[in-house]
Amino acid sequence: CDGRTARMAQPENPQGRYRNQIAAARRLLEQKELWADRAEWEVVKAKDGWEVIAWRVEHPECKGPSRYLPWGYSVIELDSRLETIGYRRKG
């Protein structure tokens with residue numbers, strides 16, 4: 001919980017402005033990872049769609065980026081129709 005990290009500071013609300021992107025990414029993450037139920041989400045607009053980063057919460061007692069390990073995330077790439085076009089596991 002030391003706060004000396006460069007990870008996501010504030011997750012997106014799964015029911016908020018990117019709910020459709022997060023729902024599409026969650027469906028894939030649930031097929032690939034055992035930790036999908038404790039993911040927090042970061043959504044980035046890409047050239048032809050979206051990059052949704054699922055951060056694995058390892059330290060729920062912490063606040064901000066200290067909740068995640070630097071390598072504890074997966075990247076789901078979605079096209080403009082929210083279809084999965086890529087998946088990369090980082091840890």
Side-chain angles (χ1 to χ4, degrees):
C1 300
D2 62 17
R4 295 178 294 148
T5 59
R7 296 172 291 263
M8 177 181 66
Q10 180 65 39
E12 288 292 337
N13 177 350
Q15 303 305 316
R17 62 183 174 162
Y18 295 121
R19 68 182 165 276
N20 294 329
Q21 292 86 346
I22 292 171
R26 183 187 305 271
R27 285 191 292 274
L28 178 72
L29 193 68
E30 288 172 345
Q31 296 172 23
K32 302 274 188 186
E33 304 292 350
L34 298 175
W35 51 267
D37 61 328
R38 59 188 167 119
E40 290 186 346
W41 305 94
E42 180 177 7
V43 181
V44 179
K45 178 71 175 124
K47 181 179 177 187
D48 295 323
W50 304 92
E51 190 173 81
V52 183
I53 304 159
W55 289 89
R56 185 175 69 216
V57 175
E58 289 295 329
H59 304 289
E61 72 282 0
C62 295
K63 298 211 182 295
S66 296
R67 295 169 58 82
Y68 324 107
L69 298 176
W71 57 87
Y73 66 97
S74 292
V75 179
I76 301 103
E77 296 174 57
L78 304 172
D79 66 14
S80 60
R81 298 169 298 147
L82 303 183
E83 296 292 326
T84 302
I85 56 173
Y87 178 80
R88 296 185 318 270
R89 176 183 298 149
K90 296 294 183 177

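Given the structure is predicted, the values throughout are model-derived calculations rather than measurements.
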Are [X] and [Y] close enough that some pair of their side-chain heavy atoms sits under 4.5 Å apart?
X   : Y   : result
W41 : Q21 : no
K32 : S74 : no
V57 : Y68 : yes

Atom pairs and distances, side-chain donor-acceptor, residues 11-18, under 3.5 Å, sequence neighbours left out:
from: E12; atom 1: OE1; to: R17; atom 2: NE; distance (Å): 3.3
from: E12; atom 1: OE2; to: R17; atom 2: NH2; distance (Å): 2.8
from: N13; atom 1: OD1; to: Q15; atom 2: N; distance (Å): 2.8

Exercise. With sequence neighbours left out, write down each residue that passes side-chain contact (heavy atoms from CB on, under 4.5 Å) with R38, or none if nothing qualifies.
Key: W35, R56, E58
Quiz item: Can you name the residues that form a side-chain contact (heavy atoms from CB on, under 4.5 Å) with I85, not counting sequence neighbours?
Solution: E77, D79
Taking every non-hydrogen atom, the tightest pair across [X] and [Y]:
X   : Y   : answer
A39 : L29 : CB-CD2, 3.9 Å
Y73 : I53 : CD1-CG2, 3.6 Å
A36 : E30 : CB-CG, 3.6 Å

When rounded to the nearest 0.5 angstrom, what distance separates [atom1] in [X] from [atom2] in [Y]?
X   : Y   : atom1 : atom2 : result
K63 : E61 : NZ    : CD    : 10.5 Å
W71 : R89 : CH2   : CZ    : 16.0 Å
L28 : I76 : CG    : CD1   : 6.0 Å

Quiz item: Is a side-chain donor or acceptor of R67 paired with a backbone partner of P60 at a separation under 3.5 angstrom?
Solution: yes
